[in-house]
Structure formats: structure tokens, C-alpha cells
Amino acid sequence: MTFLQALRYFFVEASSNLIRSWKISLLAILTIAVSVFLGGVFLIVSGNLRLLADQWRDENRLVVYLRPEAAEADTDRIRALIEEVSGTGSAEYVDPQTAEDRFRSAFPSLADLLEGWGDQPLPASFEIPTDFTALEQGSLEGWLKELGADPAVQMVDDDRDWLAQLDGMILIIEGLASVVGVILLLTAVFTISSVIRLTAYLYQDEIAVMRLVGATEFFIRGPFYVEGLLQGLAGGIFAIGMLLAGHGALFRDTDGQQQVLASILAETFLPASQLLLLVALGAAAGLGGAVLSLRKESLGQTAEPE
Amino acid sequence: MTFLQALRYFFVEASSNLIRSWKISLLAILTIAVSVFLGGVFLIVSGNLRLLADQWRDENRLVVYLRPEAAEADTDRIRALIEEVSGTGSAEYVDPQTAEDRFRSAFPSLADLLEGWGDQPLPASFEIPTDFTALEQGSLEGWLKELGADPAVQMVDDDRDWLAQLDGMILIIEGLASVVGVILLLTAVFTISSVIRLTAYLYQDEIAVMRLVGATEFFIRGPFYVEGLLQGLAGGIFAIGMLLAGHGALFRDTDGQQQVLASILAETFLPASQLLLLVALGAAAGLGGAVLSLRKESLGQTAEPE
Amino acid sequence: MIDLNQVSKRYPGGQVGLDEVSLSIPKGQLVFLTGASGAGKTTLLKLIYREEMATEGYVLVNGRNVSSLPANKVPYLRRTIGVVFQSFRLIPRKTVFENVSYLPRILGLDHREQKKLAYETLRRVGLAHRMNAFPMQLSGGEQQRVAVARALINQPDILLADEPTGNLDPELSEEILKLFLEINLQGTTIIFATHDRELITRVGRRVLTLHQGKLVRDQMLPGQMLPDSAIQPAVEEPAATSDLGPADLAKEEGAR
Amino acid sequence: MIDLNQVSKRYPGGQVGLDEVSLSIPKGQLVFLTGASGAGKTTLLKLIYREEMATEGYVLVNGRNVSSLPANKVPYLRRTIGVVFQSFRLIPRKTVFENVSYLPRILGLDHREQKKLAYETLRRVGLAHRMNAFPMQLSGGEQQRVAVARALINQPDILLADEPTGNLDPELSEEILKLFLEINLQGTTIIFATHDRELITRVGRRVLTLHQGKLVRDQMLPGQMLPDSAIQPAVEEPAATSDLGPADLAKEEGAR
Ligand SMILES: Nc1ncnc2c1ncn2[C@@H]1O[C@H](COP(=O)(O)OP(=O)(O)OP(=O)(O)O)[C@@H](O)[C@H]1O
Ligand SMILES: Nc1ncnc2c1ncn2[C@@H]1O[C@H](COP(=O)(O)OP(=O)(O)OP(=O)(O)O)[C@@H](O)[C@H]1O
Ligand SMILES: [Mg+2]
Ligand SMILES: [Mg+2]
């Protein structure tokens with residue numbers, strides 16, 4: 001038999017087995033589908049959280065407060081000093097009035113506090129996006145010191161406190177997701193190999209007979225491998241379907257509060273490349289399970305499952 | 001055979017089956033263990049998050065700012081007005097100096113701002129813990145209005161903005177955990193019933209023979225039910241062991257950042273009652289899987305798994 | 001004891017298992033059942049212990065219609081019937097002892113009595129020394145004898161033996177036969193399906209011959225071989241229900 | 001073709017399967033293998049197609065030591081050996097056709113040829129009309145004939161038949177026997193394990209008798225029954241390897 005003929009034989013054999021033992025096949029397919037689905041949920045949620053974090057990081061700014069007595073020349077000098085590093089046009093000048101307006105809208109409950117502090121209670125400042133990561137940590141520190149030492153600068157607020165807090169939160173959330181993710185992955189692998197191993201137990205009499213009438217391992221295992229592969233593919237595709245359906249349902253039937261949750265966790269769906277990855281994962285799981293469960297040479301030598 | 005004899009028979013039969021088919025038994029036990037373990041992780045994490053949230057909520061206060069010109073009599077009047085509702089001794093008076101100290105330590109980067117605002121930049125205030133939920137929403141609103149209308153009161157900051165944000169965050173985290181939890185639960189039930197159903201397929205020839213030699217359903221199913229129950233119990237106990245071990249490991253081998261994460265997510269272990277619940281869950285899963293998989297009258301009528 | 005009234009069994013695929021068979025077997029009778037491969041012997045036995053149900057007609061066992069028996073009563077019917085299955089049907093996960101003593105065990109016999117009973121019964125088929133072996137560790141003939149022991153252990157009212165000597169050498173077949181004759185003398189009704197014509201002619205008794213699902217012959221053979229232990233018949237020999245005389249059995253139903 | 005040299009097989013439980021058996025079977029010979037239940041017949045066959053391995057001595061098939069054959073060569077050995085297993089060993093998930101044509105199929109025969117070959121072979125055992133049935137839907141004798149067809153389909157060099165007529169009526173046994181004689185004439189070496197002494201004496205040829213794992217008799221019987229189709233023997237009759245004269249086989253190995 002040529003290799004192509006053999007391949008054809010494997011596929012015919014595998015599909016007829018799939019159809020004949022459709023209950024068990026369905027079980028295996030669903031198991032893989034559930035696992036891949038969970039993987040997909042993890043990818044979606046972690047992807048969205050990462051997006052959110054990036055957004056927060058983008059919005060974070062370095063603020064250089066100027067002394068109230070700073071002249072226009074001082075302001076220009078400081079701007080030049082800043083843009084030398086962060087790039088031309090990157091620094092936004094916030095005059096005292098704007099600062100006050102922003103404070104009022106950000107902390108309406110504290111707005112009254114400003115009343116007692118006379119006219120122009122907040123200083124002018126420069127705000128610079130912190131995404132200019134070209135500068136290394138060491139030289140950034142130096143530059144910040146230099147800025148802070150400028151006589152016209154009252155204070156440099158680089159928000160690193162807050163950034164650290166943000167990082168901590170992202171870490172918490174990602175950590176949580178990773179822990180759950182790893183556990184899920186282990187469960188999935190475990191489940192799939194359980195199901196396929198039990199299936200192999202069911203087939204072991206059959207395998208024993210094939211061996212006894214002169215089949216080589218290649219012909220015995222081929223159909224099972226292809227069966228595992230097909231089950232895995234089906235499971236993966238099914239999971240993608242569930243993900244799509246679930247994603248759709250999440251954004252259709254939800255009211256306000258849930259809507260917020262949904263949009264934070266699952267606004268963006270997976271890109272095609274990751275969908276493909278998930279299907280490949282399902283196929284690999286199916287094939288891997290089959291390989292794993294047929295691994296032992298001794299399998300099929302005894303009719304009694306132990 | 002008396003019922004007690006029958007029960008004894010079931011146990012003897014079940015344990016000898018467990019020992020003889022120890023590979024498959026181990027599979028079932030591990031599956032249940034993994035599921036119960038995941039349930040336990042969920043309980044621990046959600047319990048700790050809830051604790052954290054409660055802590056935050058406890059620390060949240062209602063703040064009544066007094067006008068700078070408020071006299072001592074005004075202060076006493078306001079205190080009476082507040083304690084009438086929140087209970088005697090509940091309101092804490094924060095004088096301007098304390099307020100300033102607190103601001104400085106809370107926002108060190110903004111401390112310089114206070115310099116320009118003259119002496120006593122922050123007003124005196126009353127802080128009241130918000131855990132007096134005895135008042136209904138409607139009357140609380142009225143009371144807050146009344147307070148705000150008092151001539152000596154500059155502003156009532158009931159932090160409801162911030163509370164809403166906190167609630168939102170808790171909702172997000174709990175929502176995330178719940179979604180994952182529900183999916184996990186479904187996976188566990190699915191997995192267990194898969195494993196037990198496949199096991200039942202393995203036993204169906206055996207069951208058919210028992211039927212043919214005159215065994216009643218009671219005697220056929222009894223040992224399988226007990227087997228499922230024992231597997232479930234073992235799985236549950238094993239899971240508790242894993243949880244304890246995992247919890248221990250988390251607090252032994254971690255450095256700073258992870259330590260923070262760990263203490264937020266898993267500081268407190270589960271109370272005995274919840275541990276018992278988890279073991280019971282495992283047992284129920286094992287028994288339920290056995291019942292489910294032997295449900296069909298037709299099972300064991302044919303030697304060929306479909 | 002066992003009555004079939006115009007019984008037909010058509011399998012789902014359209015195969016005819018039995019075709020309008022009527023017969024009556026009184027209590028205590030030993031009946032041989034013969035016929036070519038695929039003639040319907042196993043089918044007939046299956047209808048009696050209700051592994052299969054008749055598609056037409058009815059089967060009475062002890063006067064009760066087997067087909068209309070509610071499902072939860074079927075086990076009690078089967079406990080009064082010992083069956084030696086053609087393919088043995090031993091439980092691979094259980095030892096010889098456990099296979100044989102399954103029914104006594106669920107009937108509440110204590111362990112020591114089970115052991116004694118199983119030992120006694122296995123000794124009679126020559127397998128007492130293999131009590132703790134698993135079926136897969138036995139030769140074909142040994143498995144068959146375990147199946148025989150299981151059918152006999154509960155002293156059933158009816159014994160259905162489907163080709164119980166097909167894997168045994170003549171000497172062992174003879175011993176199994178004697179065993180059957182003995183328990184028959186104690187009142188057990190026996191239907192013995194076999195291809196072994198030599199055995200049938202030697203023993204005599206009533207012989208039912210099936211051909212393509214039809215009962216084509218119901219005859220009484222002479223040559224009443226009795227077990228060594230039999231001093232006098234405990235049950236009187238029932239009259240033949242067919243008036244076909246004894247004939248050369250070897251010439252029967254040659255066409256397959 | 002098949003040589004056993006001081007071969008012993010002791011099973012893990014301590015059971016003796018074979019005990020120092022030496023024998024030689026030349027190409028093209030038809031040999032009967034007999035002995036009481038548990039005597040070691042199946043064990044001897046298993047050693048030849050290497051389902052079991054000898055614990056002592058060695059088994060040569062076609063001059064090659066079967067025990068030292070690497071695992072990946074075993075399938076090629078087995079393809080030259082057709083085996084009718086005592087317990088049939090049909091695959092329940094596959095139809096009769098698929099069971100029978102499994103080996104031709106993996107050897108690369110196209111579907112039409114498989115079908116033709118399977119039909120031809122099944123027709124010879126009288127089961128061509130049940131090609132699409134599953135084993136569970138067949139009677140015991142029908143299953144046995146499927147097992148026979150599977151062993152024959154690939155025209156093996158060696159045929160090992162373990163009690164291949166135990167579930168068949170005398171007429172069918174006769175036909176199976178004729179089939180074996182025919183393929184024997186075409187050069188296939190056959191070992192035929194059976195309890196049917198009548199059949200052995202009628203056919204004649206060489207008879208090996210086992211008793212408790214030992215080869216206790218190796219004799220040549222007269223009465224050379226030939227298949228109807230045989231005009232003249234294609235293979236000359238090999239000489240007996242034992243000088244034990246023909247004896248009354250029925251008196252052999254009575255002690256169990
Ligand atoms: N897997 C095994 N484990 C242990 N003992 C075994 C095993 N297989 C066979 N035996 C023992 O080896 C002996 C020979 O068995 P074998 O199957 O060769 O007998 P046989 O001649 O084929 O008998 P039969 O006519 O009953 O089929 C028997 O006593 C049997 O119990
Ligand atoms: N489950 C089934 N489905 C379809 N056909 C069946 C089934 N069981 C038996 N048959 C068919 O019914 C007929 C009678 O079968 P049965 O098993 O009663 O024969 P038997 O007399 O016992 O033969 P044997 O001597 O070969 O055991 C056969 O043609 C067989 O193929
Ligand atoms: Mg039959
Ligand atoms: Mg044998």
C-alpha cells in the first residue's frame with residue numbers, strides 16, 4: 001500500500017469509526033470544545049485587559065508644575081528642555097485656568113475647596129505623554145532631576161506612585177487570569193487524555209485482534225490518530241462557534257451595569273490568527289490525546305482494563 | 001438479603017472494583033479532585049476579594065465639611081444632628097491641622113500645593129463610617145440634604161462617586177470570577193459524567209451478564225453508585241489536600257510583588273464548613289455521575305458501545 | 001413447565017430466528033435441541049429466559065407469559081433458570097469463584113457458604129483448583145466448565161444449556177452429561193442444545209430438531225442412558241408430544 | 001516449516017501450558033492436535049504465531065526463531081499464518097465483510113477486489129448472504145465460520161485452526177474439513193486442534209496428542225480422506241516423525 005493509499009485508508013476508517021461510535025466521539029469532541037472555549041475566553045479577557053491597561057498607560061502623563069512667578073521665557077525654556085527628550089510638540093501646556101477647570105470637573109465634590117484659595121489657585125504646568133520609552137531608566141532619572149532643579153519649576157510629578165499602583169492592579173488581574181488559565185489548561189489536557197485513554201480501553205480488544213491478524217503498528221494507530229485529529233478539529237471549530245455565539249449574546253441581552261462589565265472584559269473579539277491558533281490547539285489536543293493513549297506497547301495485549 | 005447486608009455487599013464489591021480497576025478509578029478520582037480543587041480556588045479567591053471589598057467599604061466615610069467660620073456651638077450642633085442618625089460616638093471630628101497632615105501623607109506629591117494657600121488651608125470636618133445602613137435610601141437622602149442646608153456646613157461629601165467606582169470594580173472582579181466559576185462548574189460536571197459514562201461503557205458487558213443471571217437493578221447499580229460515591233469522596237479529600245498544599249506553597253516561595261498578589265487573593269483559607277461543602281460536592285459529583293451514566297435502562301443490553 | 005404457542009421471532013434486520021414454533025415441555029423432562037448452524041436453537045433458549053422477546057405467539061414458563069412479564073419481575077424469572085451460554089459470558093474482571101457464586105452472593109448467602117457451594121460445584125466440573133483464576137487465564141474448555149458451574153450452582157428449576165460441550169473432549173463431555181442427567185433426576189427440566197449426534201443417540205430422550213426457524217421434528221429416542229448414581233428414576237418419563245417414530249438422526253436435515 | 005525444540009511454557013500464575021515439547025512439521029502437512037481440556041493445544045498454537053512466548057526452548061517457523069523476532073517483524077510473521085481462534089475474536093464494531101477483509105485491505109487491495117475476495121471466501125463457508133451483518137447478529141456457528149473465512153482469505157502458508165468446528169453441526173463441520181483439505185492440497189501447512197475423534201479417524205493423517213502440556217503421542221493414522229475436488233495429491237505425504245504405530249485413538253488419555 002502506498003503512503004497515499006494508507007492515508008486514505010486512515011481517513012475512511014477514522015470517519016466510519018466516528019460515525020459508528022458517534023456517542024463517544026461526541027463526548028471527545030465536546031470535551032475538546034469546552035477546553036478550547038475556555039482557552040478562547042481566557043485569550044479574549046486577557047487581551048481586553050491588556051488593551052485597557054495600555055489605554056491607561058497612554059493616558060498617564062508626566063506633569064511639570066511651574067512656579068506661579070514663572071515668566072513666558074521660562075516657560076519656553078522649560079518646553080525646549082522637555083521636547084529635547086520627548087520630541088517636538090509632545091508637551092502640552094496647561095494654563096492655570098484650564099488646570100482649575102479640570103480639577104473642578106474631576107473632583108466636583110472638592111470644587112468648593114478652590115474657593116478659599118484665591119484667584120489662580122493651581123499653577124501652570126506641562127503635561128507630557130509617558131510613552132516615550134526611548135530613554136532608559138537611568139537617564140530618565142537624570143533628566144527628571146535636571147528638570148526639577150530648574151528654578152522656574154515648582155515640582156515634577158511623574159505619577160510613578162500611581163503608575164506603580166496601576167501596574168500592581170494589572171499584575172493582580174493578569175496574575176489571577178494566569179493562575180486560572182494554567183489550571184484550565186492542565187484540566188483540559190488531563191480531561192482530553194482521560195477521555196481518549198478510556199476510549200482506547202474500549203478499543204483494546206479490537207486493537208489486540210488487529211495485531212493478531214498481522215497489522216503493523218502503523219496501520220493500527222493511523223486511524224486512531226486521524227480520529228483524534230478529526231475530533232480535535234471538530235472540537236476546535238465548535239468552540240470558535242460557541243465563542244462567537246457567546247460574544248454576540250453578551251452584547252445583546254445585557255443592561256447597563258453588565259454592559260460595562262462586558263465591554264471591559266470582552267469588547268474586542270479575537271483576531272483571525274488567534275482563532276486559527278485555537279483550532280490548531282484543538283487538533284493538537286485530539287492528536288496528542290490519541291498518541292498519548294496509544295503510547296504503551298502493552299496496550300491491547302490484555303482484554304481486561306485495569 | 002437484608003438491607004444492611006446489601007449495603008455491606010455494595011461496599012465490598014465497590015472497593016474490590018476500585019482496587020482491581022485502579023487505573024480507571026484513579027482517573028475518575030483525579031478528575032473530581034481537579035474540579036473540586038478549582039471550586040476551592042474560586043471560593044478562596046472570591047472570599048478574599050469580598051473581604052477586601054468589605055474592608056474598603058468599612059474605611060469609606062461620610063465627610064461633613066464645616067465652614068471655616070463655624071463656631072464651637074455650631075460644631076456641637078452638627079455633631080448632635082449627625083449622631084442622632086448614625087449613633088452616639090460614631091462621628092469623628094477632624095480639625096484643620098489633622099486634615100492638612102492627612103492630605104500631606106496621602107498625596108505627598110501635591111503637598112507643595114498647600115504652601116500657597118495660607119495657614120489652615122483645609123476646613124474642619126466630621127467623618128462618619130458609612131456602615132449605618134439602618135436608614136433607608138430615601139430618608140438618607142433627606143437627612144443629607146438637611147445637613148447640607150445647615151448654615152455652618154460648607155459641603156457634605158458622601159463619597160458616593162467613589163463608592164460607585166469601588167462597587168464597579170468589585171462587580172467586575174466578581175463578575176469575572178463568576179463567569180469563570182460557572183464555566184468551570186459546567187466543565188467539571190461534564191468531565192465527571194464523561195469519565196463515568198465511559199467507565200460504564202467498559203462495564204456494560206459485565207452488567208449485561210449480571211442481568212442475565214438474575215440480578216435486580218438494585219444489586220447491579222448499588223456497587224456502581226457506591227463506587228462513584230467513594231471516588232467522589234476520595235477526589236474531594238484529595239482536592240482539599242491540594243488546596244492546603246497550594247496555599248502553603250504560595251506563601252512560602254514568593255517574593256515581594258507576588259506576595260502582594262497572593263495576600264490579596266488567598267490570604268484567608270477556607271473555613272471548615274466550606275471544606276466540608278467541597279468534599280460533599282465531590283461525593284455528590286461521583287454519585288451523580290454514576291447515577292447519570294447508569295440512567296438508561298437500555299445500557300448493557302448491547303455489547304457494542306455506540 | 002415450558003410452553004411455546006405459535007412463537008415466531010424475527011430479528012430487526014429481517015432475519016428469521018424462529019418461525020411459528022409450538023411445543024410443550026413438562027416439568028422434569030430432559031430435551032435435546034438440535035439443528036444446523038443458524039437454525040434457531042439459541043433464539044429459542046433466549047426467548048425462554050427473555051433475553052429476546054417473541055415477535056409473535058407467546059412463551060409460557062410455569063404458566064406465566066414471559067413476554068408480558070414486567071421488567072422488574074424478569075430477574076426473579078431468571079433466577080429459576082440456569083443458563084450455559086454458547087459464548088460463556090463470564091465476567092473478565094471477576095475470578096472463577098466470583099463468577100460462579102454471583103447469584104448465591106446477591107441472594108444473601110454468607111461468604112463461607114458461598115465458598116463451600118462454589119467449591120462443590122466447581123469440583124463437579126473438575127475446576128476446583130482454579131477458583132482464583134480469572135477467565136482469561138483459562139483454556140476454552142475450562143471457561144466452558146465455569147459457565148456450566150455457574151448455571152448449576154443455584155439448583156435451578158430449568159437448565160438451558162447452549163452447546164455446553166462444544167469445547168470439551170469426549171471424556172469431559174461425558175462427565176458433564178452425567179452431571180446433567182443427575183440433576184435432571186432431581187427434578188430439573190433441561191433443554192440441551194447440541195450438535196453432538198453421537199451423544200444424543202447414546203442418551204436417548206426427547207429430541208427437538210429445528211430447521212431454518214421451524215420445528216421440523218419432535219421425536220422420542222430409546223437408549224435411556226442413566227447416570228451412575230441413579231437407582232431409579234425420580235420423575236416418570238413424559239410421553240412424546242410428537243408421533244414421529246425414532247429415525248436415523250444422522251440422516252436428518254442435511255440441506256443447509 | 002514448524003519446529004519446536006524442547007519448548008516449555010509456564011504461565012505467570014505457575015500454570016504449565018507446555019512441557020518440553022519437541023516436534024517438527026514439514027511444509028504442506030496437515031496435522032491434528034488433540035488432548036483433553038487444558039492439555040496445552042491453544043498454548044502450542046499461540047507460541048507459533050507469538051501471542052505467547054516460550055519460557056524455555058525455541059520455536060522455529062520457516063527456520064526463523066519466533067521468540068527472538070523483533071516486535072516490528074511480528075506482523076509479517078502473522079500475515080503468513082491464518083488463525084481460527086477458539087473464541088473467534090471478531091471485531092464487534094466491524095461488519096462480517098470488514099472483519100474478513102481486514103488483512104487484504106491493509107495490504108492494499110482495492111475495494112472491489114476486497115469485496116470479491118471476501119464474497120468468494122464467505123461463500124465457501126456458507127455466509128455470503130450475511131456480509132453486512134455485525135458479529136453480534138450472528139449465531140455461534142455463523143461467527144465461527146466468519147473466523148474461518150478470515151483465516152483463509154489471505155491464502156496463508158500456515159493455517160492454525162483452534163477447534164474450528166466446535167460450534168458447527170456435522171454437515172457444516174464436514175464442509176469446513178473439506179475446505180481445509182483443499183487448501184492443504186494447494187500447499188498450506190495446517191494444524192487442526194480438535195476434540196472430534198470421529199473426524200480425526202475418518203480423515204487420517206498425523207495426530208499429535210497432548211496431555212498436561214506434554215506431547216504424549218505422535219502417530220500417523222490411515223484412512224486418508226481426500227477432498228472431492230482432489231484428483232491427485234499436489235504435495236507428497238511427509239513421513240511420520242514418530243514411530244508410534246496407529247492405535248485406537250478413542251482409548252487415549254482418558255485421565256483428566
Ligand atoms: N493466560 C493464562 N494464564 C495462566 N494459565 C493459563 C493461561 N492460558 C492458559 N492457561 C493454562 O494453561 C493450560 C493449557 O491451556 P490451553 O489453553 O493451552 O489448553 P487447551 O488444550 O487449549 O484446552 P481447551 O481444549 O480447553 O481449549 C491450562 O491449564 C490453562 O488453565
Ligand atoms: N441479534 C440478531 N440479529 C439478527 N439476526 C440474528 C440475531 N441473532 C441471531 N440471528 C439470526 O437468527 C438465526 C438463528 O440464530 P440462532 O443463534 O438462534 O442459531 P443457532 O441455532 O443457535 O445456531 P448455532 O448452532 O450456529 O449457534 C441465524 O440466521 C442468525 O443469523
Ligand atoms: Mg446458537
Ligand atoms: Mg484451547
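Both backbone and side-chain heavy atoms feed into the values below; hydrogens, waters and symmetry mates do not. Each chain gets a letter, A, B and so on, in the order its sequence line appears, and its residues count up from 1.
Counting non-hydrogen atoms of neighbouring residues, nucleotides and ligands closer than 6.0 angstrom, the CZ atom of B:F269 exceeds 12 such neighbours. Surrounding CD of C:Q155 are at most 12 heavy atoms belonging to other residues, nucleotides or ligands under 6.0 Å away. For B:F238, the CZ atom is loosely surrounded, since the number of other residues' heavy atoms within 6.0 Å does not exceed 12.
Side-chain contact between C:R89 and B:V213 is absent, with no heavy atoms from C-beta onward closer than 4.5 Å. Between B:V12 and C:H111, the closest side-chain pair of non-hydrogen atoms is not below 4.5 Å. Here the side chains of C:K94 and B:V209 are not in contact, with every heavy-atom distance at 4.5 Å or above.
A side-chain donor-acceptor contact under 3.5 Å links C:R79 to the backbone of B:G214.
Here C:I91 contributes atom CD1 and B:I207 contributes atom CD1; the two are 10.0 Å apart, rounded to the nearest 0.5 Å. To the nearest 0.5 Å, the span separating CD on B:Q5 from CG on C:L107 amounts to 11.0 Å. The CD1 atom of B:I220 lies 7.5 Å from the CD1 atom of C:I106; values are rounded to the nearest 0.5 Å.
Under the rule for a salt bridge (charged side-chain N to carboxylate O under 4.0 Å, His left out), C:R78 has no partner lying at least two apart in sequence or in another chain.
Residues C:Y102 and B:F219 come closest through the heavy atom pair OH-O, 4.2 Å.
With a 4.5 angstrom heavy-atom cutoff, C:R50 does not touch chain B via any of its atoms.
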